[in-house]
2 protein chains.
Amino acid sequence: MAGIKDVAAEAGVSVATVSRVLNDHPSVSPAARARVVAAVAALDYRPNAVARSLRTDQTRTLGLVISDVLNPYFTALARAVEEEARALGYSVIIGNADERPELQDHHVRTLLDRRIDGLLMSPTDPGSGLMADAVRAGTPIVFVDRWVPGVEVPVVRADGRGAVADLVDHLLRLGHRRLAIIAGPAATTTGSERVDAFRDALRERGVALPDAYIGQGDFQAESGRRAAERFLALPEPPDAVFAADNLMALGALDAIRARGLSVPGDIALAAFDDIPWFVHTDPPITAIAQPTEELGRAAVRALAERIAGRVPPSLTLPARLVVRRSCGAPPPADQPHPQPIARRSDP
Amino acid sequence: MAGIKDVAAEAGVSVATVSRVLNDHPSVSPAARARVVAAVAALDYRPNAVARSLRTDQTRTLGLVISDVLNPYFTALARAVEEEARALGYSVIIGNADERPELQDHHVRTLLDRRIDGLLMSPTDPGSGLMADAVRAGTPIVFVDRWVPGVEVPVVRADGRGAVADLVDHLLRLGHRRLAIIAGPAATTTGSERVDAFRDALRERGVALPDAYIGQGDFQAESGRRAAERFLALPEPPDAVFAADNLMALGALDAIRARGLSVPGDIALAAFDDIPWFVHTDPPITAIAQPTEELGRAAVRALAERIAGRVPPSLTLPARLVVRRSCGAPPPADQPHPQPIARRSDP
DNA sequence: CTGAAAGCGCTTACAG
DNA sequence: CTGAAAGCGCTTACAG
């Protein structure tokens, strides 16, 4: 593979001059520039990004550590992140933590070793202190979606409190009274916040949330299934279940169906996170939709700010309730196709 | 951030010795090793992977270019790839081509510039010759799922011919006679192969496949919707539609529903690629399942072979038909939950 | 077993 | 405008 020396030789200039035209440095004569450009084309030369990074101390690379690539929410987030990053001239390396703290640590460490310019994290876990160390060492970091209390880093996330309250109203209006929730891991902010929001909304409306109606999940389908099975085995099972993410909703639906029960006839079901498939499940599932794409883009912009040495503020965008039929309501009359299906943001 | 020199100073040895213990070189005295280990811990030293890569000319990084991250099939593939790669000591950088040739080129160029050790591709497009150039230049490459004819590279993929024939039999047995297909882009191998397999299976069974029954899609939901709308507007619409991927099936389902028609009552629907949600759509969708995880792992192993200078053979694994209710058949009696839902492969 | 030194492929003051 | 040279943080023959 041709190196900068080959190009210099071919163009009859020094490597310094080649480097200057490569980096659009102004002080290069038109003649020299032309010869270099021709040599680059002739040799099909491509600068070695590794060498360049070592010299300039920047990799033009961002790290993104997400909790689960198989979750459509994170996949949509990752896509938006990559798009905005590309627009700003960055590549992004995704690390999939699979909701496993050790794997998360592995990825953070690897990313740091590779000297990424900045790190975007949706932490699975408060972690081993690795993140705190990185912050202290000056690595630009911003949290997206989930965050770690106590780690002083900007966070870009959705606020689901309003939407959760809307959901509770919706459920009560439809006559449900025994409302249960399948929570995410308490170690994650989204795990605890969603339960808190649900519990608070219930209390404000004079409804209790017994412990037996709080299922402990881990944001994976299998845990949703188990939690739902436990609910259904109760002497007095809930008449509505709210799953704190889409995968646990999938598992719950599976468990309910396996028991021969129907949604929403026997039990209502709703989920946090909206995904295209919810339009076509049986029945279509009422969900709380996050502004995922905006979150991803805003997080990248905030990280770019941090890299530039500025201190971007945290940002919270509202989530919203999308009513479908899984809680018993007829779909709103003005929505012939309840929700637009997966559409690209570009043509 | 501490460098190797700081460690050397702290341990009272040369950087060469530090490097040796870092790389587990045998000829280091136990005493020196101990001092270095202590210094590394004291300074919280982590070797700079960029510098190491420049020196050793290997990045221990694999590139993976997929066609669409929002497609659960590719997301599952990417996860398997990352897992196997990690087991072999590699990181993987994913590039999402979004089914756009220019984006695909952008990613392979970026990956090449970063001097990845090898490239795994599921090409969106035969491409601009970039891949052929890379092969000629000696970059280890292997194709997964899709490939480019004429580019001499090992390919790891699934063979759907048998499963497609099984599907056609299934459809005919249920009384469907006007079978249509929503194809992927003809520029992709999976786009053309699936139509060919379908057409051949029909011909062998004496059934014609009129041009009007071949919808042209692009593997995106929206194109599936449009193709289905066109089918339904035909004087004699098909009574069964086979979508060549899961996203187009989603779009088709949307279009059929919007028209007030029912599946399978009015029209049967099947898809290539099985995903967890198909169990819970209304109705559950009959699909052709690929051994996705095996494909991802096998592809990484093949790439590692190539990197090691060997020439791994291409590999083709069979896909299989998973019957559910979208074509009109009752679910097999021995399958209470038709398919296991999304389960992790690890505990 | 150990260290001094060269070198990976670039960029960038510095001098001219 | 241009080039010689230093240096980014490592690894690895080479000599001892």
Side-chain angles (χ1 to χ4, degrees), chain A residues 1-37 39-40 43-61 89 109-117 137-139, chain B residues 1-37 39-40 43-61 89 110 112-117 137-139:
Chain A
M1 193 166 277
I4 196 171
K5 280 193 223 165
D6 303 302
V7 178
E10 171 87 9
V13 297
S14 71
V15 295
T17 297
V18 175
S19 178
R20 286 195 189 94
V21 351
L22 256 25
N23 293 288
D24 279 319
H25 189 98
S27 53
V28 180
S29 68
R33 182 177 306 274
R35 297 226 302 288
V36 170
V37 168
V40 165
L43 300 177
D44 207 11
Y45 170 71
R46 297 246 88 212
N48 182 327
V50 175
R52 181 178 283 184
S53 291
L54 178 60
R55 189 46 236 247
T56 61
D57 200 33
Q58 50 170 5
T59 50
R60 300 297 307 173
T61 301
R109 214 181 317 265
T110 303
L111 259 8
L112 258 22
D113 286 353
R114 282 165 192 279
R115 300 305 193 263
I116 47 152
D117 293 342
T139 311
Chain B
M1 193 166 278
I4 196 172
K5 280 194 226 166
D6 303 303
V7 178
E10 172 86 11
V13 297
S14 72
V15 296
T17 297
V18 176
S19 178
R20 287 195 189 93
V21 351
L22 258 25
N23 294 288
D24 279 318
H25 188 98
S27 52
V28 180
S29 68
R33 182 178 306 275
R35 297 226 302 289
V36 169
V37 168
V40 164
L43 300 178
D44 206 12
Y45 169 73
R46 297 247 86 212
N48 182 327
V50 175
R52 180 177 284 184
S53 290
L54 179 60
R55 188 49 236 250
T56 61
D57 200 33
Q58 51 168 7
T59 51
R60 302 296 309 174
T61 301
T110 303
L112 258 22
D113 287 354
R114 282 165 193 280
R115 301 300 192 266
I116 46 153
D117 293 343
T139 311

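None of the values given here were measured: they were computed from a predicted structure. Order of the sequence lines fixes the chain letters, A, B, ..., with proteins taken first and strands second; residue numbering starts at 1 for each chain.
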message = Checking the side chain of B:R35 only, and the main-chain atoms of B:A11 only, is there a donor and an acceptor separated by less than 3.5 Å?
response = yes

Identify each donor-acceptor pair in which a side-chain atom of residues 3-10 of chain A lies under 3.5 Å from a protein atom, sequence neighbours left out, and give them as a table.
{"unit_1": "A:D6", "atom_1": "OD2", "unit_2": "A:G3", "atom_2": "N", "d": "2.6"}

message = For B:V36 and B:V28: C-alpha separation, side-chain torsions, deciding distance, then whether side chain to side chain contact (heavy atoms under 4.5 Å, CB included) applies.
response = CA-CA 10 Å; B:V36 169; B:V28 180; over 6 Å; no

inquiry  = Categorize B:D57 for me: base, sugar-phosphate, or nothing, with a 4.0 angstrom heavy-atom threshold over every strand shown.
reply    = nothing

task = Please round to the nearest 0.5 Å and tell me the distance separating atom CG of B:N48 and atom CZ of A:R114.
result = 11.0 Å

message = Reading DNA chain D in the 5' to 3' direction, which nucleotide is the first one with an atom under 4.0 Å from a heavy atom of chain A, and which is the last?
response = D:dC1 to D:dG9

query = Touch check for A:R55, heavy atoms < 4.0 angstrom, all strands: base, sugar-phosphate only, or nothing?
reply = base

query = What are the two closest heavy atoms between A:R33 and A:P26, and how far apart are they?
reply = NH2-O, 3.9 Å

message = How close do A:T17 and A:A32 get, counting heavy atoms only, and between which atoms?
response = CG2-CB, 4.2 Å

request  = Sticking with atom P, work out how far C:dA5 lies from C:dC1, rounded to a whole angstrom.
outcome  = 23 Å

note = Contacts of B:V28 and A:T56 projected onto DNA chain C by closest heavy atom; the upstream (5') one is B:V28

inquiry  = My understanding is that only residues two or more places apart in sequence, or in another chain, count here; which of them pass side chain to side chain contact (heavy atoms under 4.5 Å, CB included) with A:T59?
reply    = A:S53, A:T61, A:R115, A:D117, B:V50

message = Give me the stems containing DNA chain D, sorted by first residue, counting only three or more consecutive Watson-Crick or G-U pairs with both distances under 3.5 Å; say none if there aren't any.
response = C:1-3 with D:14-16, C:5-12 with D:5-12, C:14-16 with D:1-3

inquiry  = Return whichever of B:P26 or A:N48 has its heavy-atom-nearest nucleotide of DNA chain C closer to the 5' end.
reply    = B:P26

ask   = Between CE of A:M1 and CG of A:D44, what distance do you get to the nearest 0.5 Å?
value = 8.5 Å

ask   = Reckon B:S27 touches a base, only the sugar-phosphate, or nothing at all at heavy-atom distances under 4.0 Å?
value = base

inquiry  = Within residues 30-37 of chain A, which residues have any heavy atom lying less than 4.0 Å from an atom of DNA chain C?
reply    = none

key: Sub-4.0 Å heavy-atom contacts from residues 11-20 of chain A onto DNA chain C, ordered by number   = A:A16, A:S19, A:R20

request  = Report the distance from atom CG of A:N23 to atom OG1 of A:T56, rounding to the nearest 0.5 Å.
outcome  = 9.0 Å

